[in-house]
Amino acid sequence: MQNRVAIGELVLAAFFVALGLMWVGAAIRMPLWEGFAPQSGFMPLWYGILLVGLTVAVLINLFRQKDDAKAEDPIGKPLIVLATFAAGIAGLEPMGFSPAVFLMLLFMFAFIERLPIISSVLVSAATTAVLFLIFRTWLNVGLPVGPLGI
Amino acid sequence: MGPFADLMQGFAAAATPTNLMMCFAGVFLGQIIGVLPGIGPSAAIALLLPLTYGSSPTGAIIMFAGLYYGAQYGGTLTSVLINVPGESSSVMTAIDGYKMAQQGRGGVALGIAAIGSFIAGTFGTLGLMLLAPPLSSIALAFGPPEYCMLVLLGLTALAAVGGSVMKGLAAGVAGLLLGTVGVDPQVGVPRFYFDQTWLLDGVDFIVLTVALFGIGEVLASCTTAGADPILNVGRVLPNREEWSQSWKAILRGTGIGFIIGCLPAAGATIATFVSYIVEKKVAKDPSRFGKGAIEGVAGPESSNNAASAGAMVPMFALGIPGSNTTAVMLGALIMFGLRPGPEMFTTNSQLVWAVIASMYIGNVILLVLNLPMAGLFARLLQVRYSWIYPPILAICLAGVISHANNVEDAWLMLAFGVIGWLMKRYDWPAAPMILGLVLGPLFENTLRQSLTLSHGSGMIFLSRPIALVLLLIALLAVFAPPLIEMVKQRRLPASA
């Protein structure tokens with residue numbers, strides 16, 4: 001048995017603490033109470049304090065727990081998927097929705113998952129076409145358009 | 001005339017070929033809308049509104065009502081099959097529904113959702129028919145302090161039913177905090193928008209939900225994407241044991257959904273959260289929840305459909321919207337030259353009763369469509385995950401961008417997707433965070449209104465009976481589990 005807190009969970013807790021502190025810092029510069037009623041900064045201030053307090057309590061609990069070190073899932077593949085997704089988003093405005101999504105899907109199918117290239121191209125094209133038909137043609141939603149007009 | 005004679009007249013009006021077609025179109029479109037993240041029933045009705053110019057108001061409202069309750073079921077499909085709730089009212093379904101699907105019971109999860117939705121929708125409509133006037137007056141007894149305590153109860157109780165109360169509460173508070181981004185709803189002052197004008201509208205529910213559930217799930221599951229898929233999607237109809245576990249949950253969900261749906265602004269989302277909490281509390285073995293408990297699907301699914309019927313009570317009886325969707329429907333009624341309010345039942349009784357009758361018909365259509373289709377949809381699970389998760393990411397992207405036509409929202413989704421992944425990895429519940437974001441503005445508004453009413457005194461929550469009861473239950477929800485655990489641990493060494 002050992003006392004071990006995963007780095008990922010510390011990162012998550014740090015994010016919540018930072019978020020809470022950011023809200024406290026901004027809220028105290030806003031009006032908190034005027035006359036009988038709470039003002040714009042009142043609730044965010046309390047939310048920030050509560051979030052920091054609760055997250056610190058969770059952390060204390062985690063450090064006090066004596067638990068077997070659990071085997072964690074690898075993070076390499078999720079990070080590659082995340083980077084590809086980010087690249088897809090980055091490509092939306094310069095390329096347009098459909099080309100960016102097609103390339104993102106193709107990369108995921110053919111290179112990350114190593115699926116057959118022809119099937120990957122077909123499924124990527126079909127998924128992109130269906131999304132275009134539903135959102136752009138039927139629902140008339142404005143999706144980012146690139147030089148190809150799609 | 002009594003309600004049953006009115007209803008018969010309503011059936012006569014609803015059963016015309018045109019109105020039947022409108023009902024079918026509404027239910028069918030609603031299912032599609034429910035499946036797509038980003039487009040909710042209120043947006044869909046707003047988009048369809050121009051198409052109904054010149055048509056009969058009865059047919060149009062029948063279609064809109066069908067779209068509303070059809071969407072409640074549509075959201076279930078994606079919740080169960082790919083863990084992406086299409087609607088906020090399907091968030092709770094994803095918790096146990098997706099686990100059931102992973103265990104090869106996706107067919108039963110969709111089947112019980114269809115049956116529960118049918119029963120709840122039918123009873124909800126019956127309730128709408130019989131109880132509209134008295135329930136409307138109860139709804140009016142809910143002032144800001146009662147709403148405030150109702151939201152507090154929802155948040156604390158949901159946090160308390162998760163694995164760790166502290167983590168659940170922290171996630172709920174994080175959601176409340178994110179709910180303050182944008183413009184202060186009371187005084188119109190911008191806050192926490194970090195000089196980014198696109199944040200003035202706040203963090204959208206769909207961005208956070210798609211990120212925490214959709215992206216988070218994909219990132220957590222893609223490591224095993226090459227594994228063999230679930231070959232057995234199972235039956236659609238529940239067996240005797242599953243039925244005996246579910247029927248009470250369906251009835252409880254129906255009651256909870258209908259009553260909460262009647263409360264203006266509360267809506268189907270709170271109903272599903274309350275229903276899930278109740279099911280977990282009354283279960284003999286609460287540890288099954290979150291691991292594929294069928295009651296965790298049956299209760300919330302029944303409650304969201306019953307809430308759609310309940311939301312029509314204040315709309316028809318008082319002219320007050322019970323949800324965003326009924327707010328748009330009210331707009332449609334006004335567009336057709338009708339005056340929503342108490343006189344609707346007398347001056348436009350034919351329309352009101354035709355819509356009520358069409359809801360019975362629509363619920364039958366939903367059941368007939370979904371029982372055979374549930375197995376078909378569940379077959380999606382037989383496809384290897386490597387082929388599924390990239391299109392899920394593409395749907396999430398399209399859904400989020402389509403909501404506000406805003407690429408910045410996609411970046412926000414990506415960032416929260418990472419948070420969702422970490423939360424899933426380390427067992428931090430995501431549902432309280434979403435509930436906090438959804439209910440944050442209502443909570444803040446009602447708390448500030450209550451304190452203004454009481455000249456800054458918190459005693460207002462103790463002096464009003466309904467608010468006090470809700471507050472006591474909220475406190476019990478937080479403090480009872482650790483106290484019970486402490487008592488148990490003290491008894492153990494004594495008995496050892």
Side-chain angles (χ1 to χ4, degrees), chain A residues 6 8-9 11-12 15-16 19-20 22-23 26-27 30 33 35-44 47-48 50-51 54-55 57-58 61 72-75 77-78 81-82 85-86 88-89 92-93 97 101 104-105 108-109 112-113 115 123-124 127-128 131 134-135 139-144, chain B residues 32 36 38-39 44 47 164 166-167 169-170 173-174 176-178 180 184 186-187 189 191-192 215 218-220 222-226 386-387 389-391 393-395 397-399 401-402 405 407 410-411 413-414 417-419 421-423 425-426 428 440 443-444 447-448 451-452 454-456:
Chain A
E9 191 155 19
V11 170
L12 181 65
F15 167 78
F16 281 136
L19 198 68
M22 203 175 3
W23 251 247
M30 292 177 184
W33 197 279
F36 298 127
Q39 295 298 306
S40 301
F42 180 78
M43 299 293 283
Y47 292 157
L50 270 174
L51 185 59
L54 286 164
T55 311
V58 170
N61 236 353
E72 289 189 8
D73 285 337
I75 60 165
K77 189 173 175 188
V81 172
L82 192 69
F85 192 44
I89 297 173
L92 286 173
E93 286 185 314
F97 178 82
V101 166
M104 179 187 87
L105 290 173
M108 286 179 181
F109 286 134
I112 299 179
E113 294 301 329
L115 294 166
V123 176
S124 304
T127 308
T128 310
L131 289 176
I134 293 176
F135 285 94
L139 295 173
N140 209 17
V141 167
L143 296 171
Chain B
I32 296 174
L36 299 172
I39 303 279
L47 286 169
S164 155
M166 283 292 179
K167 286 180 177 178
L169 285 173
V173 173
L176 286 171
L177 182 141
L178 292 173
T180 61
D184 178 346
Q186 291 243 311
V187 290
V189 177
R191 56 182 183 177
F192 303 106
I215 312 294
V218 164
L219 294 175
C222 68
T223 47
T224 53
S386 325
W387 285 113
Y389 81 80
L393 292 176
I395 293 170
L397 192 57
I401 291 177
S402 69
N405 194 13
V407 176
W411 288 113
M413 170 184 70
L414 183 86
V418 177
I419 300 299
W421 172 39
L422 292 175
M423 287 176 83
R425 207 173 157 86
Y426 302 110
W428 287 61
F443 182 60
E444 181 174 2
L447 186 86
R448 286 166 71 177
L451 291 174
T452 307
S454 65
H455 290 200

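Below, each value reflects all heavy atoms present in this structure, side chains not excepted, and no hydrogens, waters or symmetry copies.
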Using non-hydrogen atoms only, which part of [X] is less than 4.5 Å away from chain B: side chain, backbone, both, or neither?
X: A/Leu131; result: side chain
X: A/Leu92; result: side chain
X: A/Ala57; result: side chain
X: A/Glu93; result: side chain
X: A/Leu115; result: side chain

Are side-chain heavy atoms of [X] and [Y] found at a separation under 4.5 Å?
X: B/Ile401; Y: A/Phe135; answer: no
X: A/Phe42; Y: B/Arg448; answer: no
X: A/Phe15; Y: B/Val418; answer: no
X: A/Phe16; Y: B/Lys167; answer: no

Chain A contacts, top residue of B/Leu447, B/Leu393, B/Val187, B/Thr452 (heavy-atom pairs, under 4.5 Å):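 Result: the option with the highest number of such pairs is B/Leu393.
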Winner by heavy-atom pair count (cut-off under 4.5 Å) against chain A, out of B/Val173, B/Leu177, B/Thr180: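 Ranked by contacts with chain A, first place is B/Leu177.
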Going from [atom1] on [X] to [atom2] on [Y], what distance comes out if it is rounded to the nearest 0.5 angstrom?
X: B/Ile395; Y: A/Thr127; atom1: CD1; atom2: OG1; answer: 8.0 Å
X: B/Phe192; Y: A/Leu19; atom1: CZ; atom2: CG; answer: 10.0 Å
X: A/Trp23; Y: B/Leu178; atom1: CH2; atom2: CG; answer: 6.0 Å
X: B/Phe443; Y: A/Tyr47; atom1: CZ; atom2: OH; answer: 5.0 Å

Side chain / backbone / both / neither for B/Met423 at chain A, heavy atoms under 4.5 Å: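 Backbone plus side chain of B/Met423, per the 4.5 Å heavy-atom cut-off to chain A.
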Atom group of B/Gln186 that falls short of 4.5 Å from chain A, counting heavy atoms: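 Neither part.
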I'd like to know which of [options] tops the heavy-atom pair count under 4.5 Å against chain B.
options: A/Ile75, A/Ile112, A/Leu143, A/Thr128; answer: A/Ile75
options: A/Met108, A/Met22, A/Met43; answer: A/Met43
options: A/Ala86, A/Pro144, A/Ala26, A/Gly88; answer: A/Ala86
options: A/Thr55, A/Val81, A/Asn61, A/Val101; answer: A/Val81
options: A/Ile89, A/Leu54, A/Leu50, A/Leu51; answer: A/Ile89

Aromatic plane relationship, B/Trp387 with A/Phe109 - under 30° parallel, 30 to 60° tilted, over 60° perpendicular: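 If you compare the ring of A/Phe109 with that of B/Trp387, the planes turn out tilted.
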B/Met413/A/Phe85 under side-chain contact (heavy atoms from CB on, under 4.5 Å): CA gap, chis, key distance, verdict: CA-CA 11 Å; B/Met413 170 184 70; A/Phe85 192 44; 3.4 Å; yes
Taking every non-hydrogen atom, the tightest pair across A/Pro78 and B/Cys222: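 Looking at all heavy atoms of both residues, the closest pair is CA-SG, 3.8 Å.
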Considering all heavy atoms, the nearest B/Val189-A/Ser40 contact: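 The pair with the smallest heavy-atom distance is CB-OG, 4.2 Å.
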Check against side-chain contact (heavy atoms from CB on, under 4.5 Å), B/Tyr426 and A/Val58: CA-CA 12 Å; B/Tyr426 302 110; A/Val58 170; over 6 Å; no
B/Arg425 side-chain N/O to A/Gly8 backbone N/O, donor-acceptor pair under 3.5 Å: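 No; judged by distance alone, with no hydrogens or angles, the pair does not exist.
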Verdict with reasoning, B/Leu451 to A/Trp33, per side-chain contact (heavy atoms from CB on, under 4.5 Å): CA-CA 11 Å; B/Leu451 291 174; A/Trp33 197 279; 4.1 Å; yes
